[in-house]
Amino acid sequence: MRSFEYAAPVTVPDALSRSGEGAAYLAGGTTLVDLMKLNVVRPERVVDINALPLTGVGFDGQRLRMGALERMSDVATHPAVATEYPVLREALLHSASPQLRNMASIGGNLLQRTRCGYFRDTAMPCNKREPGSGCPAQQGQNRGHAILGTSDSCVATHPSDACVALVALDASVELAGPEGERTVRLDDFYRLPGDTPHVENALAPGELLAAVEVPHLPWARNSAYVKVRDRAAYEFAVVSVAAALDLRDGVVADVRLAAGGVGTKPWRLTAVEDALRGRELTEETADEAAARSADGARPLAHNAFKIPLLRRTLTHVLLRLGGRS
Ligand code: SF4
C-alpha cells in the first residue's frame, strides 16, 4: 500500500474542503481499505468521515431517512425497517457477514465497487480500473458477470444487496458538495458503463453521500428479498430479486421489482411490473410477466443461465408474496 495523507474532519464543510482530486472518503472501510491493500485504489489523501453528524435512522410515517454513516446492522434491526420495509431488512441481513455489517455503513454499501476478479487484480487490464486498457471478462471468466446494461467496455455487476431493495422502493440519496446539497433518485444515481465504466455514479468530484431516503408504501410490508448464491452465507448474489406486492382480491394492484447479480447497476424491472399490474396473480401470469426480465439481455459465454434463473426466482418470490407457494 502506498503512503497517503490522513484527515479526520468533524464537520461536513471541513470534510468537503479536504476532498477533491486524489482524495477518498473513509467510512466503515470495508471496501476502501480492502482495495487499497490490493493497490487497486491509491488515494493520496484519505478523509475519514466517521466523526461527521451523518448518523441516525428516522421514520415519520411518510418516509424513512438513514444517515449515510449508519451501520448496516443498525439499519437492519431498526423497528421501522423491520415492520415497514422487510425487503430492505432481508437484503441487509443477506449481505456479507455479521462482523462486516457491524462495520460497514449504509452509504458505503451503496458505493461499493464491483467484485469482478479482473478489476481486483492489478496484473490484468481493466477498463474500470485503468480506462482504455481493455476488458478481459468479455472473453474470459464471466459466469458471475452481468447480462443487463452491459457494454463492450465493461460487463461487471454491481455487488450490493441493499441497493436492489432500495431501487425497488424508489429510494433517493442526498448528496452534499461544495456547491450545496441535492437529491437524486437512486435508480438515476448509478451510471451504465457505456464507454466510461470508471464513472460509476452521479457523484461530482468532492461530493459526499450524506443520507438515504425511502418513501413509505404501506403495502410494501408485503415484501421480500430472495438471493440465489453459490453458498448459503458470506457470498455475493448470482441472481437476487427484491419484490413488494399489493394484491387485492387476487389481482395485482401494484408491484415493485428489482434484480441484483444480473445488471451493471441494481436493475429495476419496470417491464415486469407493467405486465403484472391489473392482472390476476397465478403461476401462469407470474411466469409470463417474469419472462420480460430478460428484455435487452446480452448473455456472455458462461452466464446465459442467469436468464432462466432470474425468471424462476421472480416467479417464486411473486407467488410467495401472493400466498400461492
Ligand atoms: Fe474491468 Fe468491467 Fe471488464 Fe471487469 S467487466 S474487467 S471491471 S472492465
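Remember, it's 1-based here, ligands and their atoms both numbered in the order they're listed. For clarity, every value in this text was computed on a predicted model and none was experimentally measured.
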* **Any pair counted as side chain to side chain donor-acceptor pair (under 3.5 Å), so long as it reaches residues 119-128, sequence neighbours left out** => Asp34-Arg120, Lys128-Glu200
* Asked: With His302, which residues qualify under ring pair (Phe, Tyr, Trp, His ring centres under 6.0 Å), at least two apart?
  -> none
* **All side-chain hydrogen bond (donor to acceptor under 3.5 Å, both in side chains) counterparts of Arg248, not counting sequence neighbours** => Asp246
* Asked: Which protein N, O or S atoms lie under 2.8 Å from atom 4 (Fe) of ligand 1?
  -> Cys116 SG
* **Protein contact to atom 8 (S) of ligand 1 [nearest heavy atom, distance to 0.1 Å]** => Ser153 O, 3.3 Å
* To do: Please test Arg229 against Asp161 for salt bridge (Lys or Arg N to Asp or Glu O under 4.0 Å), starting from the C-alpha separation and ending with a verdict.
  => CA-CA 12 Å; Arg229 46 188 165 174; Asp161 295 297; over 6 Å; no
* If you round to the nearest 0.5 Å, how far is OG of Ser223 from CD of Glu84? -> 10.0 Å
* Asked: Would you call the rings of Tyr118 and His145 parallel, tilted or perpendicular, where under 30° means parallel and over 60° means perpendicular?
  -> tilted
